Amino acid sequence: MAGLQCLILSSVLLVLCVLGRMAYSHAEDQERKIYVVYMGNLGENEELPKTTHHSSMLEDVVDSRFQGQSLIRSYTRSFNGFAAYLTHEEQEKLASREEVVSVFPSIVLHPQTTRSWDFTGLRENSIRNPTVESDMIVGVIDTGIWPESKSFKDKGFSPPPKKWKGVCKGGQNFTCNNKLIGARYYNSFMPSTTGSARDTEGHGSHTASTAAGNVVKGASFYGIANGTARGGVPSARIAAYKVCYPSFGCQSSDILAAFDDAIADGVDIISVSLGNPELVALENDVIAIGALHASRKGVLVVQSAGNSGPDLVTSIVPWVFTVAASITDKGIITKVVLGNGTTISGKSVNSFNLKGNSYPLAYGNETTTTCDEQLAMGCLESCLDKRMVKGKVVLCNEDKGMEEAFNAGAVGLVVHSTRAPDVSFVVPFPFSGLTMPRFNDLEGYFNTTKNHTVDILKSEVVKNLNAPSVASFSSRGPNFLFPNLLKPDVTAPGVEILAAYSPLSSPSEFPQDKRSVKYSILSGTSMACPHVTGAAAYVKSFHPNWSPSAIKSALMTTAWRMNASKDPKAEFSYGAGHIDPVKAVHPGLVYDISPDDYITFLCNNGYNASTLRKIFGTSVHCPDKRTPNDDLNYPTMTFRFVSPIGKSAKFSRQFNRTVTNVGSANSIYKAITSSGLDYNITVNPSILKFTAIGQKQSFVVTFSGKLTSKTNLTSASLEWSDGVHSVRSPIVIYSTGL
Ligand SMILES: *[C@@H]1O[C@H](CO)[C@@H](O)[C@H](O)[C@H]1NC(C)=O
Ligand SMILES: *[C@@H]1O[C@H](CO)[C@@H](O)[C@H](O)[C@H]1NC(C)=O
Ligand SMILES: *[C@@H]1O[C@H](CO)[C@@H](O)[C@H](O)[C@H]1NC(C)=O
Ligand SMILES: *[C@@H]1O[C@H](CO)[C@@H](O)[C@H](O)[C@H]1NC(C)=O
Ligand SMILES: *[C@@H]1O[C@H](CO)[C@@H](O)[C@H](O)[C@H]1NC(C)=O
Ligand SMILES: *[C@@H]1O[C@H](CO)[C@@H](O)[C@H](O)[C@H]1NC(C)=O
Ligand SMILES: *[C@@H]1O[C@H](CO)[C@@H](O)[C@H](O)[C@H]1NC(C)=O
Ligand SMILES: *[C@@H]1O[C@H](CO)[C@@H](O)[C@H](O)[C@H]1NC(C)=O
Ligand SMILES: *[C@@H]1O[C@H](CO)[C@@H](O)[C@H](O)[C@H]1NC(C)=O
Ligand SMILES: *[C@@H]1O[C@H](CO)[C@@H](O)[C@H](O)[C@H]1NC(C)=O
Ligand SMILES: *[C@@H]1O[C@H](CO)[C@@H](O)[C@H](O)[C@H]1NC(C)=O
C-alpha cells in the first residue's frame, strides 16, 4: 500500500511513511502489506470475543517475531473480520481457512472533492418534520470534522436520540455536543501515532455541513457567495468517522472499520464521498461490502460517482445510491479587464483584489531564461524567472502553470484552461482560466497592442443559464460490472459549493497559501453526494419506516428531467435526473427492493454461490435457472444491446416491475410513455388501480425499436400518473459500441 502513495509525498512525509512501514517489515524478504481478512456476517454466538479469535488465527500463520504487530484492527460489530500486516504466504494460508470468506489487499481511496439547497427546491422555509428530523443521525465517512465550526454548534438541540449507541472518541482536545454526537478515527497508515478525528483537510467538514449542518447566516469565502450556509437537514445529528489523511488518502481497511462501527452505532444514513481509484472487483470493494451490511440493517449508503468524467463511474452496485455532480444556476467567474477597456470572463474563485491597478501582461516565453519557447508559453515547471515575472501578470497557453507562476512571485496569471473549464477552484493569487475563444481574444489583444496591461478582478457570482447540467469531471456510465443497471442514479449540486471548512487547511491546497477560513468553496462529486444524503434524511424524516430502496426510489422517480440533447451521454451522466427533495416526500408509488433481491440479482449476473458467499458471508443459494432478464425492481430500466455484426440493430426488451402504493389509498395510475421515431413502448397493464396503502401491483414494459449507429443510445421514459403524482423512470437502451 505505502509504496505507491509514498511517491507523491513531500520529503517529510516520505520519511514517516518509510519508517512506518519498516517497523513491520524489518529486513524480511517478504514485504508485509495490509490485508483485509473478511469473514462475513457475525456468527450466531455474538458473545464470543472475536478479537481473541482473530489474534489466535494470526498466531497460527504469522512468524512469532511479528505477531504482536500484525493485527491492525478487528471488525466485530456489524460483520466479522480483521485487518492485519501479512506476507503473501501468510494471507494465502488464512484465505484457505474455512471461516474466512475472502482476503484482499487494502488499497488507497481518495476523497472526491450556499445556495445549492435552494436550487434543489428545498428551501429554508420548506415544510419540515422537526421532531423526527432531529432523530435522524447522518454518518459521514471522510477526512474528519472541525467540531468548533458554527455549522456543528448544538444550540437548541436535545440530547442524542435513544437509538444512538456510538461514542465520542475524537482524540485529544476533541469535544462532541448534541449536534455532533459521535466521532471516531482510524489510521492504518500510522497506527502508532496519536490520532484525532479533527479535520485538517476541510473535505469532511464540508461534506458533513452540506448534508446536515446548521443554518449559518452571513457565510462566505472572503465575501464571495455571501449568504446562508446550511445542510439539507439542519436539525439532524452528525457522527463523523475519519478515515482519510492528507497526502496519504484513505485506507480501505479503515473504511471497512468505519462501516462496522457506523452501522452498529445506529446511524440512519451513511455518506461516503470517496471513490475507488480504479475499477475493482465487487468482492474487493469495501464500500460495496460495507453498504451491503448497511442495507440489510435498513441504513442507506450514498456515494459519489467519481471525478474521472468522461471516464467510467466506479460506484456501481444497486444497493448504493450513486450521485453525479451538476452545476447550479449560480456560477462563480473572474473577470480580466484589458488595458483597452474590454472585459473577458474566466473561471476561478479569486478573493484577491488588485484595487483597480493594471499590470503589464507577459507571455511565459518572455519571462524565461531556461525553457524553450513552447514549454515557456505553457509556463511549465522551472520555466519562469523570478526577476522577470516580478510586477507582471503572466499569460500561459496551458493550465499547468499555476504553481510555477505563484512560486515565481507573479502578480497574477491568466491561462487557457482545458482541464475543467466549467468549474472555478479557489486560487492562491489573482488568476483567471479562459476557454479557447476568450483566450484567443486575450492573445489577440496581446499581439496587437504594444503596451499590454490587465487587471484581474475579485470573483463574482453570476446567473448560470446552462443549469442544471452535469459537470465535465463527473464520472459517467455505462456500468462496467452490471451493464443492465444504470449508474449514476441521480445528479445533485456539486460545483462551487460553499460549506464549512477546516481552518488548518489551505483553501487553495497550496501549502504556501497561508490563509485560514471557516467556510470555503469546493467542487466535486464529493459535494454532490452529501446533497443526496441530506435529501434522503429529509425524506426519511417524513417516512421513518421506509426501506433504503424506497427512499432511493422516491428521490429517483421525482427527479427533474434533464435535457438529453445537451449531453451526449444522457442518462449515463445524470441517471434519473436532478434531485427534488420536497417532491420526493410524496412520490405516490415506490419501487421497493428487499435485501435478498440483491442476491438473486448477483446470481443472474453470473456470480456463483461460492463467490457470493465471499461477499455476503452467509451461505447463499442461487436459483437453479438464471433468468435472462436480470430484472431487479430498480426505478430505472436499462439494457445493453449486443448488436449482431452487419445486421440492423433491432432490439426488443421486457422489464418486469412492481410498484408499491405510498400515496392515496384509492388511486388510479395511468402509464404515460415517451415517444420517438426509432422505438415503441408498451406497458401491460397500462392502468394500475389501488385500493390500499402498501398495496403492490406488477407490470411489464416492452421496449422495442432500432438503435442507430449515429447515437448508439436511445433514451425513453415511463411515467405513472394519477393526476397528482408523477412517477418517472428513464428507459435506456445502448449498444456495446458506446
Ligand atoms: C483545542 O483545539 C482548538 C481548535 O484547534 C484550539 O483553538 C485550542 O487551542 C486547542 N486546545 C488545546 C488545549 O490544545
Ligand atoms: C454578507 O451579506 C450581509 C448581508 O447582505 C452583509 O451584512 C455582510 O457584510 C456580507 N459579508 C461579506 C463578507 O461581504
Ligand atoms: C501603458 O498603459 C498603461 C495603462 O493603460 C498606462 O498607465 C501607461 O502610461 C502606458 N505606458 C506607456 C509607455 O505607454
Ligand atoms: C512569445 O509568444 C508570443 C505569442 O506567440 C509572441 O507574440 C511573442 O513575440 C513571443 N515573445 C518572445 C520574446 O519570443
Ligand atoms: C498571436 O501571434 C502568434 C505569433 O506571433 C500567433 O501564433 C497567434 O496565433 C496569434 N494569436 C492570435 C489570437 O491572433
Ligand atoms: C481591445 O482589444 C481586443 C483585441 O485586440 C479587441 O477585440 C477589442 O475590440 C478591443 N477593445 C476596445 C474597446 O478597443
Ligand atoms: C434542450 O437543449 C437544447 C439544446 O441546448 C435546446 O434547444 C432545447 O430547447 C432544450 N429543451 C428543453 C426542453 O429545455
Ligand atoms: C465461481 O466463480 C469464480 C469466479 O468467476 C470461479 O473462480 C469459481 O471457480 C466459481 N466456482 C464454482 C463452484 O463454479
Ligand atoms: C415478466 O412478466 C411476464 C408476465 O407476467 C412473465 O411471463 C415473465 O416470466 C416475467 N419475467 C421475469 C424475468 O420475471
Ligand atoms: C412501432 O410500432 C408500429 C406499429 O406496430 C410499427 O409500424 C413501427 O415499425 C414500430 N417502430 C419501430 C421503430 O419498431
Ligand atoms: C457506435 O458504435 C459503433 C460500433 O460499435 C462505433 O463505430 C461508433 O463510433 C459508435 N458511435 C457513437 C456516436 O458512439
Side-chain angles (χ1 to χ4, degrees), residues 1-9 13-14 16-25 31-38 54 69-79 81-88 91 102-113 139-144 169 171 183-201 203-204 207 240-262 270 272-278 280-281 283-291 303-304 306 314-315 526:
M1 63 94 203
L4 196 95
Q5 282 298 307
C6 286
L7 292 177
I8 57 163
L9 301 182
L13 286 168
L14 182 67
L16 287 174
C17 190
V18 170
L19 282 177
R21 205 169 59 178
M22 264 168 42
Y24 301 96
S25 60
E31 194 182 13
R32 284 167 190 279
K33 292 195 226 165
I34 302 178
Y35 281 91
V36 174
V37 180
Y38 176 55
H54 297 157
Q69 296 152 323
S70 177
L71 183 67
I72 297 169
R73 73 178 73 257
S74 280
Y75 312 120
T76 58
R77 301 185 69 205
S78 301
F79 40 85
F82 58 92
Y85 286 99
L86 299 169
T87 64
H88 184 71
Q91 67 89 14
S102 62
V103 180
F104 52 90
S106 180
I107 56 166
V108 174
L109 287 78
H110 291 281
Q112 298 170 319
T113 315
V140 182
I141 300 179
D142 211 299
T143 65
K169 270 202 203 158
R184 297 176 186 270
Y185 59 87
Y186 311 85
N187 189 353
S188 299
F189 290 107
M190 292 184 280
S192 52
T193 55
T194 28
S196 168
R198 187 173 286 281
D199 180 15
T200 59
E201 292 181 74
H203 188 272
T207 55
Y241 300 85
K242 176 170 175 165
V243 295
C244 303
Y245 292 84
S247 318
F248 286 92
C250 334
Q251 192 70 248
S252 60
S253 55
D254 290 340
I255 296 171
L256 199 57
F259 271 102
D260 186 34
D261 279 332
I270 295 175
V272 223
S273 287
L274 310 174
N276 288 314
E278 60 214 9
V280 299
E283 53 271 39
N284 298 354
D285 182 341
V286 288
I287 296 177
I289 293 172
Q303 189 191 6
S304 43
T314 51
S315 169
S526 275

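Counting begins at 1 with the first residue of the sequence. All values below were derived from every heavy atom in this structure, side-chain atoms included, with hydrogens, water molecules and symmetry-related copies excluded. What you see is a predicted model; the values in this text were computed from it and never measured.
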(message) Show, in sequence, the C-alpha distance, side-chain angles and deciding distance for Gln251 and Phe189, and conclude whether the side chain to side chain contact (heavy atoms under 4.5 Å, CB included) test is met.
(response) CA-CA 7 Å; Gln251 192 70 248; Phe189 290 107; 3.4 Å; yes
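- For the pair Ile72 and Tyr85, the minimum side-chain heavy-atom distance is below 4.5 Å.
- Glu278 contributes atom CD, which lies 9.0 Å from atom CG of Leu109 (distance to the nearest 0.5 angstrom).
- The structure places CD1 of Ile255 at 13.5 Å from CG of Asp260, a figure rounded to the nearest 0.5 Å.
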(request) Evaluate the side chain to side chain contact (heavy atoms under 4.5 Å, CB included) criterion for residues Val286 and Phe259: first the C-alpha distance (whole Å), next the side-chain angles of each, then the deciding distance (0.1 Å), finally the verdict. (result) CA-CA 9 Å; Val286 288; Phe259 271 102; over 6 Å; no
(request) For side chain to side chain contact (heavy atoms under 4.5 Å, CB included), just list the numbers for Asp199 and Lys242, CA-CA rounded to whole Å, side-chain angles, deciding distance to a tenth of an Å, and then say yes or no. (result) CA-CA 8 Å; Asp199 180 15; Lys242 176 170 175 165; 5.9 Å; no
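- Note on ring orientation: taking the six-membered ring where Trp is involved, the planes of Tyr38 and Phe79 are perpendicular (angle over 60°, cut-offs 30° and 60°).
- When all heavy atoms of Thr143 and Gly204 are compared, the closest pair comes out as OG1-N, 2.7 Å.
- Proximity of Ile289 to Phe104: side-chain heavy atoms (C-beta onward) are separated by under 4.5 Å at one or more points.
- Between Val36 and Tyr75 the shortest side-chain heavy-atom distance falls below 4.5 Å.
- Taking every heavy atom of both residues into account, Tyr241 and Ala258 meet most closely at CB-CB, 3.9 Å.
- Atom CG of Asp261 and atom CZ of Arg73 lie 8.5 Å apart (nearest 0.5 Å).
- A donor-acceptor contact closer than 3.5 angstrom links the side chains of Ser315 and Gln303.
- What you find for Ile270 and Ile141 is that their closest heavy atoms are CG2-CD1, 3.7 Å.
- The minimum heavy-atom distance linking Ile34 with Ser253 is given by the pair CG2-OG, 3.7 Å.
- Proximity of Pro105 to Gln91: side-chain heavy atoms (C-beta onward) are nowhere separated by under 4.5 Å.
- Applying the side-chain hydrogen bond (donor to acceptor under 3.5 Å, both in side chains) criterion to Tyr245, with sequence neighbours excluded, gives no partner residue.
- The two atoms that bring Val243 and Asp254 nearest to each other are CG1-O, 3.6 Å, heavy atoms only.
- Residues Thr207 and Ser273 bring no donor and acceptor atom of their side chains to less than 3.5 Å of each other.
- Residues Leu71 and Phe82 meet the side-chain proximity criterion, which asks for heavy atoms closer than 4.5 Å.
- Between the Ser252 side chain and the Ile107 main chain, a donor and an acceptor come within less than 3.5 Å of each other.
- In this structure, Leu86 CG and Arg32 CZ are separated by 7.0 Å, a value rounded to the nearest 0.5 Å.
- Of all non-hydrogen atoms in Gly249 and Val108, the two that sit nearest each other are CA-CG1, 3.9 Å.
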(request) Walk me through it: do Thr76 and His54 pass the test side chain to side chain contact (heavy atoms under 4.5 Å, CB included)? (result) CA-CA 10 Å; Thr76 58; His54 297 157; 4.1 Å; yes
